[in-house]
Structures are given as C-alpha cells and as structure tokens.
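Note sheet for the following structure.
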Amino acid sequence: MELIKELTWRGMIHDIMPGTEEQLTKEITSAYVGFDPTADSLHIGNLVPVMLLKFLQLSGHKPIALVGGATGMIGDPSGKSAERQLLSLEDINFNLEAQKKQLEQFLDFDCGDNSAEIVNNYDWFKDINLLDFIRDTGKHITISYMMSKDSVKSRLESGMSFTEFTYQLIQGFDFLYLYENKNCKIQMGGSDQWGNIVTGTELIRRKARGEAFALTAPLIKKADGTKFGKSEGGNIWLDPKKTSPYKFYQYWLNSSDADVENFIKIFTLFDKETIDALIIKHNEDKGSRVLQKALGKDITCRVHSEEEYENAVKASEILFKKGQEAVDGLKSLSASLIQDIFEGVPQATFSKADLANGIDIVSAFVEKGKFLSSNGEARRELKQNSISVNKAKVNDTCVLTEEDLIGGKYILLQKGKKNNYLVTVE
RNA sequence: GGGGAGAUACUCAAGCGGCCAACGAGGACAGACUGUAAAUCUGUUGACUACGUCUUCGCAGGUUCGAAUCCUGCUCUCCCCA
C-alpha cells in the first residue's frame, strides 16, 4: 500500500508538504500524531488521526501516538475562539491513561520494525527548565512568525494569554524532540494543526538542520452543516460508558447519503474495490442503506466488539420494528440480553406495588421515571400522539398495569421513534 | 478620564404603560410523508392542582388601578473621543 495514494482516494489529505511522498518511498519512516487529553475518552472526531496512523502502519511505516501530558497543560488555541480552562494535573493524567488504552486497540505494537509506539511529551518536558528552553529553542523562532499563525491572528482581538501563545512552540519542540530522538520525520493531524506542525518542521530545519514533513487531513464536514460527531446528547465517545454501543451504531447508521461515502472511506479499512462495489449497491436501492450498515458494522466491531455490534443491531431491529412484531421480539429476549441491549438507554425502576395500583402515563414519564422534566411536557407529547407503550401509541388516559409487562419485568416507553425508555419492575 | 448605546425565553431579535407568557427567525421536539434519511407540509416549544392561576423580559427598589415598557440606584457589555 502506498500511503499517499491510499489517503488521496480516501479524501484524507488536506495539505501535504512537498517531499513527503519521496520520504515515504525512501525508507521506513516514523510519523506521529498528537492527542490532547481534554477528556477521559477519545471521540469519533479523533478517529480521523487514528486512521491516519493506521494507514501509515499498513503501508509499512512506523506510527507514533503522542499523548499530550505537557501540551494538555497549556491548551491548544487552534480553532478556539476563547481562552481555555486549564485542567488539573490529576485530570490530565487520568484522561491520558484512558486515551492510551483506547489508542492501543487500533494499532499493532508488535510487528517488528514498524511497531507502533505511544509517547507522552510530559516525559521530556518535565526536565526542561524555562531558561534553557527560551535560549535554545525560542531563539530560533521569531515573534512575527508566531504572530502570523491563524490560531494567533484570530485571537488578537478577543484576547489570548501568553500561555496559549506559547503553545505552538511547545508542540513544535515535540516534533524536534521526536526527530532527534526517534528519527520521526513526519507529523500528521487535522488541518487545524497545520500551523503548529509547520512550526515544528521550521524548528527542525533551523535548529537541527534537518528536513521534516507534514500531512494534514481535512476537518470532517457534514452536508447539512451540523458538526460531525455530535448528537443531541453531545459528543459520540469511544468509551461505551459515555456513549453506549447502541447509540454509537445508531450514529453511523443515521449518516446521510450525502456524507456516508466520505465516512466509509475515512473510517473503514475496506479497499477501494470493496467500497466501490458497496457504493454501486447502495445507489441501486438507497432505501436499504447498504453503506450506512456496512460503515456502522465495521466501525462498531472495531471500536467495541462483534458481540456489541450484534446487540446493537438486535436492539435497533426491535426498537424500530412496528407493533406486535417488536413486542414479540422483546419478549423473546432473555433478561440479561435486554439489559445489554438497553445499556445506555434511559432507564427507571418501578415497584411492583405501584404497578399493582396502576401508574398513570404522565407520572410514569415524569414523577416516577424522570424521563421528561415536566407534566406539561408529557401531556403535550401525549396530545401530539408521540408516546408509545410497548410500541403502541397511547393517549393521556393510559394507565400502566401488570398487563403491560413484557417478560414479567419490563415496560418499553417511547417518545417519537428514536427516544426509548426502559422501565424495569421489581 | 469625557460622551453615547445596550442587557428580553436555547440563540438572534421585536416590543417602549394595559390587547404580553411576550411578534418574527433560527434551533429543538413531535406528527404526516419516507429509508430510523433528505426535502416538504403541520403542530409544539415557562410552570401548575390548566377555558383559570402562578413565576418570567440584567439585579434591587420606586411611581401607577396596572410596567418588559416610566423613575432611582447597582452590576455587566459594547461603541466613540482623550
């Protein structure tokens, strides 16, 4: 596999420094991507740089994932309109460990010369003192050079602390360090990282008299203009505790036709022939959503597991099937499987005694279940005919009783098509 | 330091003494259509013990039968001049 060719047809190259391709054909080359420990899990937006590393490794080169124990203390101003809140050291370390574990599942760490590696820039920054840094590194980069970066320019009006202004130097130094100590010659990242990366190659040129390269991937845009990787509930995380595999799968399954071709090229390892074939099949019958399903399957299996994927599909089928069929489907499931499938779906537990007396539908949603925030909202939804109990639409006279139990234990409540709530009765 | 403008619901943005729970737009949610889509059409979008009541228009007071609208003080934001 030739990396640049591969990334080109996948639409993953935004900017590339001249000479990068030659470098890659010349020798096994190390390249790195940095990850910011701003949260205790990676989200699907981070998957783009992860895939860059993956394709790099598949094409025979050595990927280095850098977790930003040091840079995370500063805050990258790129693409941010306001000063960042600093994280505590404990938080950073906690986040870092969590992200490291996630990164490990995507790359091969035991395949000889091009085994992947994870490094933490705190390891080298902790021993550097301010004066040395200013003398040895700062001397090579001018203020006007730093000021000309978009990440800085756009913040001159709204304000930017010296701390964030320094960021590009710190990240540039990372590249220099990796160049000198690990023979790393390429830095990759999102297109918003271009400025930071170039500062690194510049440092390497001036201080180490070396040549280093850069490659960035475009920021993912969705056709409808909304932000990629966000849903009502916020970010789509890789951590199943933060985003259930069901929701994760649903996110990909709901990709629009306008986006899904791009997504499948970026986020899956399918080769060109496979993807082209899928696209043809998809276009024959868009309604069957061939691409969305293939994408959802591949990525859910790789991020979570095949088992989680199957549960997600099972849950999807049941939750979106109509009427009696869905109820029968639910009934056929074992209690433990129901727990698995509905992991991440809002849940509540009602007592048997309450149910024996009958629970009116409004209080089931608000007072008892806490699924909706006010009785008014519940009544409104009922009036709009959007509330279902066990897949059947109900009105405001509905009262839940033992009759409604599925498998003697569960009641499935829904608002609209996509909002599911599971009630367990004990 | 001097002068001016402004703060309204998730966001933008009307209203400038009663007809205001507050026009409109966007967003969000739901219904129809559909592919769990897009586009489109429709409805909803402060709370409640609900044809009525209560709490909301930066904060605290005041004038008035009655205020988001007038007055006073405070806080914050923006602009212009020095």
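Letters A, B, ... mirror the listed sequences (proteins, then strands); counts begin at 1.
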Measure all distances between protein nitrogen or oxygen atoms and nitrogen or oxygen atoms of nucleotides 40-44 of chain B, and list the pairs falling under 3.5 Å.
residue	atom	partner	partner atom	Å
B/rG43	N2	A/Gln384	OE1	2.9
B/rG43	N3	A/Gln384	OE1	3.1
B/rU44	O4'	A/Gln384	OE1	3.4
B/rU44	O2'	A/Arg380	NE	3.4

C1' gap between B/rA68 and B/rC19, integer Å: 15 Å
Heavy-atom closest contact (A/Leu278 atom, A/Ala294 atom, distance): CD1-CB, 4.0 Å
B/rG2 versus B/rA67 - spacing of their P atoms, nearest Å: 36 Å
Distance in angstrom units between A/Arg379 CZ and B/rA47 P, rounded: 11 Å
Distance, C1' atom - from B/rG24 to B/rG15, rounded to whole angstrom: 11 Å
Gap between atoms CG and P, on A/Leu372 and B/rA30 respectively (whole Å): 11 Å
Could you pull out the protein-nucleic contacts involving nucleotides 34-38 of chain B (nitrogen or oxygen on both sides, under 3.5 Å)?
residue	atom	partner	partner atom	Å
B/rU34	O4	A/Lys417	NZ	2.7
B/rG35	O6	A/Asp257	OD2	2.9
B/rG35	N1	A/Asp257	OD1	3.3
B/rG35	N1	A/Asp257	OD2	2.7
B/rG35	N2	A/Asp257	OD1	3.2
B/rG35	N2	A/Gln292	NE2	3.4
B/rU36	O2'	A/Asn254	OD1	3.2
B/rU36	O2	A/Gln250	OE1	3.0
B/rU36	N3	A/Gln250	OE1	3.0
B/rU36	N3	A/Gln250	NE2	3.1
B/rU36	O4	A/Gln250	NE2	3.2
B/rA37	OP1	A/Lys418	NZ	3.2

Interatomic distance at P, B/rU53 relative to B/rU72, whole Å: 34 Å
Nearest-Å distance once atom P is located in both B/rU45 and B/rU36: 29 Å
Touch class at under 4.0 angstrom, heavy-atom based, for A/Gly416 against every strand present: sugar-phosphate
Electrostatic pair A/Lys100:A/Glu97 at N-O distance under 4.0 angstrom: yes
Rounded distance in Å - CG (A/Asn375) to C1' (B/rA50): 11 Å
Residue pair A/Asp192, A/Ser78: steps toward the side-chain hydrogen bond (donor to acceptor under 3.5 Å, both in side chains) verdict: CA-CA 6 Å; A/Asp192 59 334; A/Ser78 305; 5.5 Å; no
Between B/rC51 and B/rG27 - C1' atom distance, rounded Å: 31 Å
Check: A/Phe267 ring centre within less than 6.0 Å of A/Phe228 ring centre: yes
Sugar-phosphate, base or nothing in reach of A/Lys415, heavy atoms under 4.0 Å: sugar-phosphate
Mutual orientation of the aromatic rings belonging to A/Phe175 and A/Tyr32 [parallel < 30°, tilted 30-60°, perpendicular > 60°]: perpendicular
Parallel, tilted or perpendicular: ring planes of A/Phe125 versus A/Phe173, cut at 30 and 60 degrees: tilted
Shortest side-chain distance from A/Ser374, nucleotide among B/rC29, B/rA47, B/rA50: B/rA47
Salt bridge (charged side-chain N to carboxylate O under 4.0 Å, His left out) partners of A/Arg289, counting only residues at least two apart: none
Whole angstrom value for the distance that separates P of B/rA47 from CD of A/Glu367: 17 Å
Rounded distance in Å between the P positions of B/rA9 and B/rG4: 27 Å
Inter-nucleotide P distance (B/rA5, B/rC57), Å rounded: 23 Å
